[in-house]
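Here the structure comes first, spelled out in structure tokens, and everything after it is commentary.
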Amino acid sequence: MEKVRCDWASGNELEEKYHDEEWGSEQHEDQKLFEMLILESMQAGLSWSTILKKRETLTSAYDQFDYVKIAKYTQEKIDSLLEDPGIIRNKLKINATINNAQVFMRIQEEYGSFNQFIWSYVDDKPIRNHWTSITDVPASTELSDKISKDLKKKGFKFLGTTTVYAFMQATGIVDDHLSYCFKNKSN
């Protein structure tokens with residue numbers, strides 16, 4: 001029997017694999033949380049399928065999303081990133097990634113881990129929605145508004161409310177698998 005997925009992930013092999021293996025699964029490792037934060041910020045203005053197609057190259061170019069290394073990137077490294085056709089060559093996004101790695105580590109120092117900080121917004125329990133249609137799923141919520149504002153106050157860049165909500169979905173802070181999807185926890 002064929003798996004029934006959320007509408008957005010049907011028909012594209014990369015999106016199906018991402019949906020089935022990652023999207024909406026709870027993430028608690030700081031390394032993975034940072035990777036998803038960066039990938040979601042890179043997506044701003046682009047399609048998610050573009051990010052998935054470039055993910056392998058992005059991972060390699062950004063040192064497996066090692067935030068300690070990224071926080072120390074020099075102008076020489078920035079220049080090499082800007083010349084790499086396999087990634088998103090947006091200077092603002094590249095600079096934001098470096099900045100965000102530095103802020104990410106400050107949050108780790110202050111809260112013990114980024115995981116503790118970000119999951120505290122939901123008392124360490126994912127929000128499980130029960131949408132019946134892709135049109136029901138919001139692009140942002142009051143909670144993503146609040147988290148986005150808080151992240152910006154801490155110094156993060158390229159993390160508006162829509163990007164934050166997508167990050168919350170990607171890391172399982174919010175479970176937005178549609179009611180008929182095989183990944184929906186209430187099935």
Side-chain angles (χ1 to χ4, degrees), residues 18 22-48 50-52 54-55 58-59 61-75 77-79 81-82 87-129 131 136-176:
Y18 172 70
E22 289 184 72
W23 192 75
S25 298
E26 291 182 42
Q27 295 296 331
H28 293 282
E29 295 176 20
D30 275 10
Q31 182 63 44
K32 187 66 174 176
L33 290 167
F34 180 75
E35 175 185 353
M36 296 315 298
L37 202 64
I38 297 311
L39 290 175
E40 293 296 348
S41 70
M42 288 283 173
Q43 188 212 346
L46 303 169
S47 70
W48 186 244
T50 298
I51 300 303
L52 289 176
K54 292 181 177 279
R55 188 176 189 180
L58 284 163
T59 302
Y62 283 97
D63 295 296
Q64 280 60 54
F65 297 106
D66 181 333
Y67 46 85
V68 175
K69 287 182 181 176
I70 294 170
K72 297 175 185 170
Y73 278 1
T74 62
Q75 187 59 51
K77 175 66 176 184
I78 293 168
D79 292 342
L81 290 169
L82 286 168
I87 68 165
I88 311 303
R89 294 186 293 177
N90 178 310
K91 191 172 188 172
L92 293 174
K93 289 181 181 183
I94 292 169
N95 287 330
T97 299
I98 298 164
N99 171 79
N100 291 350
Q102 295 163 354
V103 177
F104 189 88
M105 291 191 308
R106 285 198 302 267
I107 285 179
Q108 287 178 312
E109 286 176 27
E110 186 177 346
Y111 293 89
S113 70
F114 187 80
N115 175 67
Q116 285 183 283
F117 166 75
I118 201 70
W119 278 88
S120 70
Y121 283 96
V122 293
D123 296 323
D124 298 315
K125 294 178 201 97
I127 296 168
R128 298 205 192 283
N129 291 315
W131 311 115
D136 296 336
V137 181
S140 63
T141 62
E142 284 183 29
L143 181 57
S144 67
D145 292 348
K146 178 178 178 16
I147 295 171
S148 175
K149 271 187 195 170
D150 291 351
L151 291 173
K152 286 177 183 175
K153 280 182 195 166
K154 292 196 175 289
F156 281 98
K157 295 182 182 338
F158 270 92
L159 293 175
T161 186
T162 302
T163 301
V164 168
Y165 193 70
F167 167 77
M168 293 166 68
Q169 292 171 310
T171 58
I173 295 169
V174 172
D175 184 349
D176 272 348

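Sequence positions, counted from 1, serve as the residue numbers for this chain. What you are looking at is a predicted structure, and each value in this text was computed from that prediction instead of being measured.
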Might you point out which heavy atoms bring Ala96 and Lys157 nearest each other, and give the distance in Å? CB-CB, 3.9 Å
Should we count CD of Glu142 as having more than 12 external heavy atoms under 6.0 Å? no
Side chain to side chain donor-acceptor pair (under 3.5 Å) pairs touching residues 89-100, sequence neighbours excluded, are none
Output the distance between atom CG (Leu81) and atom CD1 (Ile94), rounded to the nearest 0.5 Å. 5.0 Å
Nearest heavy atoms of Asn115 and Gln27, plus distance in Å: OD1-O, 3.9 Å
Side chain to side chain contact (heavy atoms under 4.5 Å, CB included) evaluation trace for Leu37 with Leu159: CA-CA 8 Å; Leu37 202 64; Leu159 293 175; 4.0 Å; yes
Determine the sole option in Gln102, Gln31, Gln108 for which the side-chain hydrogen bond (donor to acceptor under 3.5 Å, both in side chains) test with Tyr67 is passed. Gln108
What closest approach, in Å, do Ile88 and Leu58 show between heavy atoms, and which atom pair accounts for it? N-CD2, 4.0 Å
If you compare all heavy atoms of Ala101 against all heavy atoms of Ala71, which two are closest, and at what distance to 0.1 Å? CB-N, 3.7 Å
For Tyr165, does its backbone N or O pair with a side-chain atom of Ser144 as donor and acceptor, under 3.5 Å? no
For Asp123, does its backbone N or O pair with a side-chain atom of Ser120 as donor and acceptor, under 3.5 Å? no
Just so I know, are the side chains of Tyr73 and Tyr62 near enough to count as touching, which here means a heavy-atom distance under 4.5 Å? yes
Nearest atoms (heavy-atom pairs only) where Ala61 meets Lys77: O-NZ, 2.9 Å
Using modelled atom types and a 3.5 Å cut-off, is there a donor and acceptor pairing between side-chain atoms of Asp63 and backbone atoms of Phe65? no
Run Phe104 and Phe34 through ring pair (Phe, Tyr, Trp, His ring centres under 6.0 Å) and show every step you take. CA-CA 8 Å; Phe104 189 88; Phe34 180 75; 5.0 Å; yes
When you measure from the side chain of Asp136 to the backbone N and O of Trp131, does any donor-acceptor pair fall under 3.5 Å? no
Quick one: does Ile127's side chain get under 4.5 Å of Thr141's, heavy atoms only? no
Mind checking side chain to side chain donor-acceptor pair (under 3.5 Å) for Gln169 and listing every partner two or more places apart, or none if nothing turns up? Asp176
Between the NZ atom in Lys72 and the OG1 atom in Thr74, the distance rounded to the nearest 0.5 Å is 12.5 Å
Any carboxylate oxygen within less than 4.0 angstrom of a Lys/Arg side-chain nitrogen, looking at Lys32 and Glu26? no
Mind checking what makes ring-ring contact (aromatic ring centres under 6.0 Å, His included) contact with Phe167, not counting sequence neighbours? none
Once you round to the nearest 0.5 Å, how far does CG of Leu151 lie from CZ of Phe158? 15.0 Å
One thing to verify: whether Arg55 and Glu35 come together as a salt bridge, which I'm taking to mean a side-chain N less than 4.0 angstrom from a carboxylate O. yes
Output all residues satisfying side chain to side chain donor-acceptor pair (under 3.5 Å) with Lys154, sequence neighbours left out; order by chain, then residue number. Tyr111
Nearest heavy-atom pair of Ser140 and Thr161: which atoms, and what distance? CB-OG1, 3.3 Å
Sorted by chain and number, sequence neighbours left out, side chain to side chain donor-acceptor pair (under 3.5 Å) with Ser148 holds for none
Within this structure, what is the OG1-CG distance for the pair Thr171 and Leu33, rounded to the nearest 0.5 Å? 6.0 Å
Gap separating the OG1 atom of Thr163 from the CD atom of Gln43, nearest 0.5 angstrom: 7.0 Å
Does Glu29 CD have over 12 foreign heavy atoms under 6.0 Å away? no
Stepwise salt bridge (charged side-chain N to carboxylate O under 4.0 Å, His left out) test for Asp145 and Lys149: CA-CA 6 Å; Asp145 292 348; Lys149 271 187 195 170; over 6 Å; no
One pair to check against side chain to side chain contact (heavy atoms under 4.5 Å, CB included): Leu143 and Met168. What are the steps and the verdict? CA-CA 10 Å; Leu143 181 57; Met168 293 166 68; 3.6 Å; yes
For the atom pair OG (Ser41) and CG (Leu92), what is the distance rounded to the nearest 0.5 Å? 11.5 Å
Across all chains, not counting sequence neighbours, the side chain to side chain donor-acceptor pair (under 3.5 Å) partners of Asp124 are none
